[in-house]
Participant: 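Here it is, the structure, as structure tokens.
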Protein chains: 2
Amino acid sequence: MNAQKSHMGEFHCLIRQLGILTELDAVTEENLHNIEAEHLNFSAGSSVYETGLPAAAVYVLVSGYVKLVKTTLLGKSQIIRIVKAGEVFGFDGLVAEHYNHSAATMGDAQVCRIPVAALEDLGEHRAEVERQIMVRCIKELQRADGRLLELGAKRSDERLASFLLDWCQLMPADAWIPLVLSRLEIAQFLGLTIETVSRLFASWKREGILKEKKQAIRVMDWQRLKLLAESH
Amino acid sequence: MNAQKSHMGEFHCLIRQLGILTELDAVTEENLHNIEAEHLNFSAGSSVYETGLPAAAVYVLVSGYVKLVKTTLLGKSQIIRIVKAGEVFGFDGLVAEHYNHSAATMGDAQVCRIPVAALEDLGEHRAEVERQIMVRCIKELQRADGRLLELGAKRSDERLASFLLDWCQLMPADAWIPLVLSRLEIAQFLGLTIETVSRLFASWKREGILKEKKQAIRVMDWQRLKLLAESH
DNA sequence: CGTAAGGTTGATAAGACTCAATCCTTGTGG
DNA sequence: CCACAAGGATTGAGTCTTATCAACCTTACG
């Protein structure tokens, strides 16, 4: 619940993260300094926005991790997406009256908040920025599609295995990889219970597929993990 | 597999469906007649595009239904979305090299195919059209989020109940509502098996919650169905 | 230290899948 | 117009997976 503001010409976050650096960046320098973008510092476990609240801004995650969560009327929570540094979230701000999910930081995080009103002040560059946001959105849709397949068509071990593979992707194969999520969060992400996740980890550690130390894991047998992710 | 082409200035599909009729429509009339948009007629169960094929077009469904399907390496299929008339699909065309899912018609359908190249010829109207596409995309993302909650956090009966509620929404409460999907398709949409779906239907028919005739259903007790969708 | 929160483990039960047999529907050809 | 074949749907029996409940362990931290 702790967020420190720092108003500034922080529109750079958006511009830079969207990869429109080149000429636009220069223009930005002059024209956009007065734009109402906030650079926010959140402490661990803070809420960025809540379901049902009026949606009037898009966000770029500068550092850390953010989880997007939807909750059933009965209180069951599902983690819709885990946002990583450099990614855009809160697309709802662009079309909806209210957010249809909640966003909370996992560990400390820096977030750049861009009011949608700011986008309209972009003038001739608005189209370019919006196009990039569209691209990001389409990619999120693709990822969501992939996750629908995971949740709809795979068993617990397959889900956990492909989650780990995805999480560790782009990391050196023989490194200790920080696992930011708690067992509960992994369970909520995969549509499972804490216990099943725990048991799977225990089993795989027993079989030497992976090791765990503190809040980090190390995959010892990538081959078997890949097999687990896709087959029986 | 049967599709009859009819090249024409069918760009109207996009323009109209995106709701940019007003002044833009007039301009369209003159400027866009030469745009390479195809109006396609598909017979039941035809493929619009397949996973892995080069993606170079966006589609608007003019009439009928289209299912978007992803498949596991083991052959398990998940329906990630059911496209209804007036909706846009194939967003992949705008960003990806290849489609990451397949699209097939359910029953006969009319589809308007807009090559992405065509969008670039839109000149000053391109921004407007792209903005509308972005809006559509964001809405799809929201729907996908909702479905992630369904698949991740709900039991079979809750999933089927909320699917039916969603399917029948906007329909007169006391009408026979055509159910376009087979049991298999419902199962693939909800991440269940044919048998469980069949059993749930049987049970609900027995309890007088709904009736079924031919390929249509009629909900007799909306209240109970709503309860089933959200609670135990 | 002592406490609280998170994690593990075991026993049990419920939910959903699998396999298999049977029952419609629907469409086709004689 | 009827008979029959084929695909879809239903139902039942048994099994596997995952959730639930409960106890216990571990770690971090005041």
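The chains referred to below are lettered A, B, ... by the order of the sequence lines, with proteins before strands, and numbering in each begins at 1.
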Participant: Between C/dC17 atom P and B/Arg159 atom CZ, what is the distance in whole Å?
Facilitator: 8 Å

Participant: Tell me the interatomic distance from A/Leu181, atom CG, to C/dG7, atom P, rounded to whole angstroms.
Facilitator: 10 Å

Participant: Round to a whole Å and report the spacing from CD of B/Glu185 to C1' of D/dG8.
Facilitator: 12 Å

Participant: Does atom NZ of A/Lys211 have more than 12 heavy-atom neighbours, drawn from other residues, nucleotides or ligands, at distances under 6.0 Å?
Facilitator: no

Participant: For A/Lys214 and D/dA28, is the shortest distance between a side-chain N/O and OP1 or OP2 below 4.0 Å?
Facilitator: yes

Participant: Would B/Arg81 pass as a cation-pi partner of B/Phe89, given that its NZ or CZ must be under 6.0 Å from the six-membered ring centre and within 45 degrees of the axis?
Facilitator: no

Participant: Relative to B/Phe91, does B/Arg136 satisfy both conditions: NZ or CZ under 6.0 angstrom from the six-membered ring centre, and within 45 degrees of the ring's axis?
Facilitator: no

Participant: Measure the distance from NZ on B/Lys213 to P on C/dC24 and round it to the nearest whole Å.
Facilitator: 19 Å

Participant: Using side-chain hydrogen bond (donor to acceptor under 3.5 Å, both in side chains) as the criterion, point out the one residue from B/Lys226, B/Arg147, B/Glu230, B/Glu150 that pairs with B/Ser162.
Facilitator: B/Glu150

Participant: How long is the straight-line distance from CD1 of A/Ile79 back to CD1 of A/Ile186, given to the nearest 0.5 Å?
Facilitator: 9.0 Å

Participant: Whole Å only: how far is the CG atom of B/Leu184 from the P atom of C/dC17?
Facilitator: 13 Å

Participant: Is there a side-chain contact between A/Ser156 and the phosphate of D/dT18, meaning an N or O under 4.0 Å from OP1 or OP2?
Facilitator: yes

Participant: Give the rounded distance in Å between these two atoms: CD of B/Glu195 and P of D/dT10.
Facilitator: 11 Å

Participant: Rounded off to whole Å, could you give me the CG-to-P distance for the B/Leu190 and C/dC17 pair?
Facilitator: 10 Å

Participant: So, is A/Thr196 near the phosphate of D/dA19, with a side-chain N or O under 4.0 Å from OP1 or OP2?
Facilitator: yes

Participant: Please tell me which of the listed nucleotides, C/dA16, C/dT8, D/dT10, lies nearest to the side chain of B/Arg155?
Facilitator: C/dA16

Participant: Do B/Arg199 side-chain and C/dT18 base share a donor-acceptor contact under 3.5 Å?
Facilitator: yes

Participant: Taking only the side-chain nitrogens and oxygens of A/Ser182, find out if one of them lies under 4.0 Å from OP1 or OP2 of C/dG6.
Facilitator: no

Participant: Starting at CD1 of B/Ile194 and ending at P of C/dA16, how long is that distance when rounded to a whole Å?
Facilitator: 17 Å

Participant: Out of D/dT20, D/dA9, D/dT17, which nucleotide sits closest to the side chain of B/Ser198?
Facilitator: D/dA9

